[in-house]
Amino acid sequence: GAGGDSTFAVASRLDPSKPGPASPRKEGDCGRGTLQLASLLDLFEAGADWSGAEVGKMAEAIEDVFSSPGFLVSGFTSLAPEAGPREEAAAEGGLPCALNGLDVRGIEEVYRAILDLGEHHWELLASLSRASRSFLACLVQALQGLKDSGERLEDDGGLNHTWLKALLVLMQNPLLSHEEHPLTSGDLVTSLVQAVAVLPEKAQINLVEWISAYPPEILGPRFLQPIQRFIAEAVLTTDDADEAMLWSDPIKAALQCLVILHAANETAGRPLPFTDFHSAPLSTRVNLREHYLRWIQMTESEARKGPLASVCQIPFVLTPEAKTRILQGEANLQKRHEMRNSRLQAAFEGLEDWHEFLELRIRRDALLEDALHQILQSPRDLKKPLRVKFLSAGMEEEGLDEGGVTKEFFQLLVREIFNPNFGMFTLEPETRAHWFTRNPGPATEEACLEYQLVGAFLGLAVYNGVILDVRFPPVLYKLLKGGETSFQDLKLAMPQLAKGLQHVLDMPSAEVEDLGLHFIVSLEAVGERRDHELLPSGGEIPVLAENREDYVELYSRYILEDSVQAQFSAFYQGFHQVCGGPALALFRWEELEMLTCGVPELDFDALRGAARYEGFTEDSPAVVWLWEVLFALGMEGKKKFLFFSTGCDRAPVGGLGQLALTIQRGGPDSDRLPTAHTCFNVLLLPDYDSKDKLEGRILIALENAE
């Protein structure tokens with residue numbers, strides 16, 4: 001049979017008196033009889049030469065089979081050994097032989113054979129499409145019937161597993177893919193999402209478990225992409241002003257399908273990238289402010305298990321750019337709220353000396369001391385709009401803080417915080433990332449306060465939309481989001497240390513005990529070495545082949561968490577003191593990292609595409625020469641240009657296409673160097689009369705920028 005292991009039951013309209021393989025009420029086979037065929041694939045081999053009558057019979061057979069859950073499941077039941085819950089059986093083409101009792105490879109082969117024949121006989125594709133829609137209609141009808149009869153849908157006596165397994169067979173149908181079959185896919189996907197959306201909760205939980213076993217070769221192209229295309233088309237064909245249609249029942253049904261697929265992907269052995277679940281059309285066109293306001297008015301239970309009323313309930317579909325807009329909107333609301341409260345409090349208490357802003361007056365030669373002291377004195381003002389004033393020789397420097405001064409303040413502050421002489425963070429030589437400095441004894445109250453203030457500064461930067469040149473390992477952002485650490489995190493944070501632990505995992509079992517290891521960690525901190533038990537009485541528990549994985553995980557957790565618990569807890573508290581609003585919950589830890597320190601990849605094509613011109617056009621000779629010079633720069637040169645023109649050498653969330661760089665004519669040809677207003681991302685470029693001159697002036701400006 002299909003895939004070499006299946007026999008296929010084909011419904012016959014000729015003898016409806018013969019019983020089918022399943023109950024009509026439960027399985028929806030409408031009482032059709034059966035005709036056993038040795039192999040559909042053998043029949044399909046000669047399909048290109050079929051007569052009209054033979055095509056008609058096969059079209060009827062396809063329609064009967066693919067509309068019956070009982071026939072689908074019995075026909076595609078696999079006789080091969082079942083793969084483990086998170087393992088995939090080795091198979092040609094990367095597809096497993098058996099998943100959830102189904103012959104996944106055979107299903108794919110049969111669908112492909114029908115599609116190939118469809119190039120000669122379109123009636124076969126039409127029959128397959130009608131059969132699939134009929135099956136979905138029967139499923140919805142069965143659910144409604146069970147509901148009307150008062151039966152509990154979650155019981156096995158109601159909707160049984162045959163329906164769900166048949167649904168998995170249908171979801172592999174390539175007709176769902178719009179790119180392959182635009183004439184048949186739209187209505188079919190509509191029927192699919194409407195059926196899945198009304199499945200009872202237990203059925204959806206079963207689907208999550210079963211789908212999580214599928215390889216990405218099926219999960220992406222067959223299951224996820226058709227739903228994403230459906231959402232994109234529904235959104236892009238709707239008027240922006242029609243918010244109700246942008247949040248219509250079909251779109252919400254499709255999003256409910258994404259909830260199931262995303263939950264399955266989170267526990268899959270080989271998951272799809274989380275970015276595959278982003279919906280850029282929905283993220284850019286839906287009214288994010290309205291959805292955010294609806295979301296924050298929900299109770300926690302309503303947000304998690306209630307009806308889908310806001311896209312914020314399913315943040316995995318939102319792009320990082322959309323989440324950043326929500327966070328910025330939330331920050332602006334909080335800033336206005338704090339400013340209004342300050343005015344009301346001043347009026348109520350008759351205060352004359354009060355501030356709407358969090359104003360920091362910073363001496364350049366005592367930057368860290370002044371910043372820490374003033375933040376410590378104004379903890380309640382942290383959510384006010386930030387303004388920075390630098391002092392030189394006791395006098396305020398000229399200029400208003402329109403953003404550029406704030407950027408400079410954070411850049412200088414980061415240098416001070418990570419200065420080795422300050423001693424708060426230790427540099428990992430191999431990754432060039434910093435981690436909390438371990439102390440030989442308990443962290444002092446003063447040290448914890450300093451870490452709390454540093455966390456608050458990080459939160460202030462995020463809150464005020466400033467990208468920082470900080471280099472923490474990814475695990476920091478995972479911990480800030482409340483995640484758990486593992487050995488994989490240690491590999492990224494401290495590769496050299498992890499290499500030694502990996503050696504313990506890889507060595508022959510008989511040699512592990514010879515290492516003489518126990519469940520303790522011996523570390524040196526500030527010149528003092530101490531032992532720390534990983535388990536109670538860990539010094540008496542030897543590391544053996546059977547417990548070495550536990551040892552490695554506990555060791556990793558100690559290094560990344562337990563040994564710096566006091567320092568990180570204070571840092572965490574300071575960060576969330578400023579940045580702990582509801583919007584932060586929308587971000588994955590990977591997205592929080594991008595939000596904090598930007599995107600390291602620099603796409604200058606995107607930068608040019610988003611650039612604006614004042615006094616120039618994109619065809620002006622000076623502009624053409626400028627881009628030619630910039631594209632010829634290496635990575636360090638491009639970073640210097642970004643720093644010179646915007647005050648930051650990294651791209652914002654979403655890439656350089658989100659950065660509105662303005663290139664403004666800075667007068668006629670002259671020997672003057674280009675200048676920039678970093679607070680507004682404006683490059684002032686004289687209208688040089690040659691490319692050589694422009695290149696020389698640009699390079700001098702970049703080398704001397706600070």
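All values below were derived from every heavy atom in this structure, side-chain atoms included, with hydrogens, water molecules and symmetry-related copies excluded.
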Minimum-distance pair of heavy atoms, taken over all atoms of L584 and C579: CD2-O, 3.3 Å
T426 and H434: CA distance, side-chain angles, deciding distance, side chain to side chain contact (heavy atoms under 4.5 Å, CB included) verdict: CA-CA 5 Å; T426 302; H434 290 86; over 6 Å; no
V259 vs L308, side chain to side chain contact (heavy atoms under 4.5 Å, CB included): CA-CA, chis, key distance, verdict: CA-CA 11 Å; V259 170; L308 191 57; 5.7 Å; no
Over 12 non-hydrogen atoms of neighbours within 6.0 angstrom of NE2 in H677: no
Cation-pi check, K335 onto Y463 ring (under 6.0 Å, within 45° of axis): yes
Main-chain N/O of P281 paired to T284 side chain as donor or acceptor, under 3.5 Å: yes
Pair E396 + R361: basic N to acidic O under 4.0 Å: yes
Whether T678 side chain and T646 backbone form a donor-acceptor pair below 3.5 Å: no
Spacing of K640 atom NZ and S645 atom OG [to the nearest 0.5 Å]: 14.0 Å
Euclidean distance, K481 NZ relative to L476 CG, rounded to 0.5 Å: 13.0 Å
Shortest non-hydrogen contact between T431 and A493, atoms and distance: OG1-O, 3.8 Å
Q565 CD: over 12 foreign heavy atoms closer than 6.0 Å: no
D469 side chain near F410 side chain, heavy-atom distance below 4.5 Å: no
Non-hydrogen atoms of A264 and V208 that approach each other most closely: CB-O, 3.4 Å
Student check: side-chain heavy atoms of F457 and F409 closer than 4.5 Å: yes
Pairs flagged by ring pair (Phe, Tyr, Trp, His ring centres under 6.0 Å) wherever residues 303-340 is involved - sequence neighbours left out: H262-F316
Main-chain N/O of Q328 paired to N332 side chain as donor or acceptor, under 3.5 Å: yes
Nearest non-hydrogen partners of V405 and V388, listed with the distance: CG1-O, 3.5 Å
Any donor-acceptor pair under 3.5 Å from S378 side chain to D381 backbone: no
L358 vs R387 side-chain heavy atoms within contact, under 4.5 Å: no
Under 3.5 Å: donor-acceptor pair, side chain of S620, backbone of T617: yes
Gap separating the NZ atom of K383 from the CD atom of Q334, nearest 0.5 angstrom: 4.0 Å
Any donor-acceptor pair under 3.5 Å from Q567 side chain to T437 backbone: yes
Distance (rounded to the nearest 0.5 Å) between E290 CD and W247 CH2: 13.0 Å
Within 6.0 Å of CZ in R364, more than 12 heavy atoms from elsewhere: yes
Student check: side-chain heavy atoms of S342 and K384 closer than 4.5 Å: yes
Within 6.0 Å of NE2 in H532, more than 12 heavy atoms from elsewhere: yes
E591/K323 ion pair, N-O < 4.0 Å: yes
Under-4.0 Å salt bridge between R343 and E338: no
Taking every non-hydrogen atom, the tightest pair across S283 and T319: OG-N, 3.1 Å
Under 3.5 Å: donor-acceptor pair, side chain of R557, backbone of S486: no
L367 side chain reached by R363 side chain, heavy atoms, under 4.5 Å: no
E302 atom CD: more than 12 heavy-atom contacts under 6.0 Å: yes
Quiz: residues 653-667 side-chain donor-acceptor pairs under 3.5 angstrom, not counting sequence neighbours:
| from | atom 1 | to | atom 2 | distance (Å) |
| --- | --- | --- | --- | --- |
| R665 | NE | D687 | OD2 | 3.3 |

Verdict with reasoning, L282 to L255, per side chain to side chain contact (heavy atoms under 4.5 Å, CB included): CA-CA 11 Å; L282 191 68; L255 291 172; 4.0 Å; yes
L685 side, atom CG; T675 side, atom OG1 - distance, nearest 0.5 Å: 9.0 Å
Stepwise side chain to side chain contact (heavy atoms under 4.5 Å, CB included) test for D605 and W627: CA-CA 9 Å; D605 282 314; W627 289 115; over 6 Å; no
Any side-chain heavy-atom pair of I231 and L258 under 4.5 Å: yes
Polar side-chain atom of S392 near backbone of E397 as donor-acceptor pair, under 3.5 Å: no
Residues K478, D489: salt bridge by 4.0 Å N-O rule: yes
Min side-chain heavy-atom separation L318-L288 under 4.5 Å: yes
Exercise: do E330 and Y292 side chains pair donor with acceptor under 3.5 Å: yes
Side-chain donor/acceptor of Q313 to backbone N/O of P307, under 3.5 Å: yes
Parallel, tilted or perpendicular: ring planes of H278 versus F274, cut at 30 and 60 degrees: perpendicular
Non-hydrogen side-chain atoms of T324 and L595 separated by less than 4.5 Å: yes
Identified ring pair (Phe, Tyr, Trp, His ring centres under 6.0 Å) partner of Y451 from the options F422, F575, F571, F425: F425
Gap between atom CD of Q452 and atom CD of E445 - 0.5 Å precision: 10.5 Å
Nearest heavy atoms of Y477 and V470, plus distance in Å: OH-CG2, 3.9 Å
Sidechain-backbone polar pair: N464 side chain, V466 backbone, donor-acceptor under 3.5 Å: no
Intermediate values then yes/no, side chain to side chain donor-acceptor pair (under 3.5 Å), E359 and Q374: CA-CA 9 Å; E359 293 190 357; Q374 291 177 47; over 6 Å; no
